[in-house]
Amino acid sequence: MLPLGLPLCYHSAMTKSSYDNITRPVRKRSAVTGTLVGVRLQANQIRAIDVWASQQTPPITRPEAIRGMVDAMLHILSKDTGEKPAKKAKGK
């Protein structure tokens, strides 16, 4: 038999776990839900994206890194006046 005055449930005396005390990073979400595009990448491409993303200040997620790279490439290509045609090989 339990002595009087002791709580019947031990949960109330427990403190928060260390997992509950971790502050989670704030993720910015777009106001509009975009279209999901599934793309298969090779392991070396994923590693390169992850390394680049971790070097950003503050570090960004893989999806954010891919979106940023696509935006940058589209910006670069929009300034390109067009590819020059490849030179044809002279036949003998």
Side-chain angles (χ1 to χ4, degrees):
M1 180 156 179
L2 290 174
L4 293 175
L6 288 179
L8 298 176
C9 180
Y10 66 89
H11 292 289
S12 60
M14 291 182 68
T15 61
K16 280 187 167 183
S17 71
S18 60
Y19 183 77
D20 292 335
N21 297 328
I22 297 173
T23 57
R24 291 174 180 84
V26 177
R27 302 274 188 238
K28 295 178 189 172
R29 286 212 167 177
S30 175
V32 180
T33 302
T35 303
L36 176 64
V37 178
V39 177
R40 291 186 189 273
L41 299 173
Q42 299 301 318
N44 61 336
Q45 293 171 317
I46 293 174
R47 276 192 302 275
I49 291 169
D50 290 343
V51 167
W52 182 84
S54 67
Q55 293 172 348
Q56 302 308 300
T57 305
I60 59 176
T61 63
R62 186 183 294 162
E64 289 172 309
I66 293 170
R67 282 191 291 269
M69 290 177 183
V70 169
D71 286 343
M73 199 63 205
L74 290 172
H75 180 72
I76 291 168
L77 292 175
S78 70
K79 295 183 177 213
D80 190 7
T81 58
E83 290 185 27
K84 295 179 183 175
K87 293 184 178 181
K88 293 184 180 179
K90 293 182 180 181
K92 289 189 177 184

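- Although no hydrogens or angles enter the test, the distance criterion places a donor-acceptor pair under 3.5 Å between the side chain of Glu64 and the main chain of Thr61.
- A continuous path of Ile, Leu, Val, Met, Phe, Trp and Tyr side chains, each step under 4.5 Å between heavy atoms, connects Val39 with Trp52, placing both in one hydrophobic cluster.
- Val37 and Leu41 fall within the same hydrophobic cluster, defined by Ile, Leu, Val, Met, Phe, Trp and Tyr side-chain heavy atoms under 4.5 Å apart, directly or through other members.
- In this structure, Ile46 CD1 and Arg40 CZ are separated by 10.5 Å, a value rounded to the nearest 0.5 Å.
- Between the side chain of Gln45 and the backbone N or O of Gln42, at least one donor-acceptor pair lies under 3.5 Å.
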Next item on the list: Please assess Leu74 against Ile76 for the test side chain to side chain contact (heavy atoms under 4.5 Å, CB included), listing each intermediate value before the final yes or no.
Entry: CA-CA 5 Å; Leu74 290 172; Ile76 291 168; over 6 Å; no
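- Minimum interatomic distance between Ala65 and Ala53 (heavy atoms only, all atoms of both residues): CB-CB, 3.8 Å.
- Separation of atoms CD1 (Ile66) and CZ (Arg62) is listed at 7.0 Å; rounding is to 0.5 Å.
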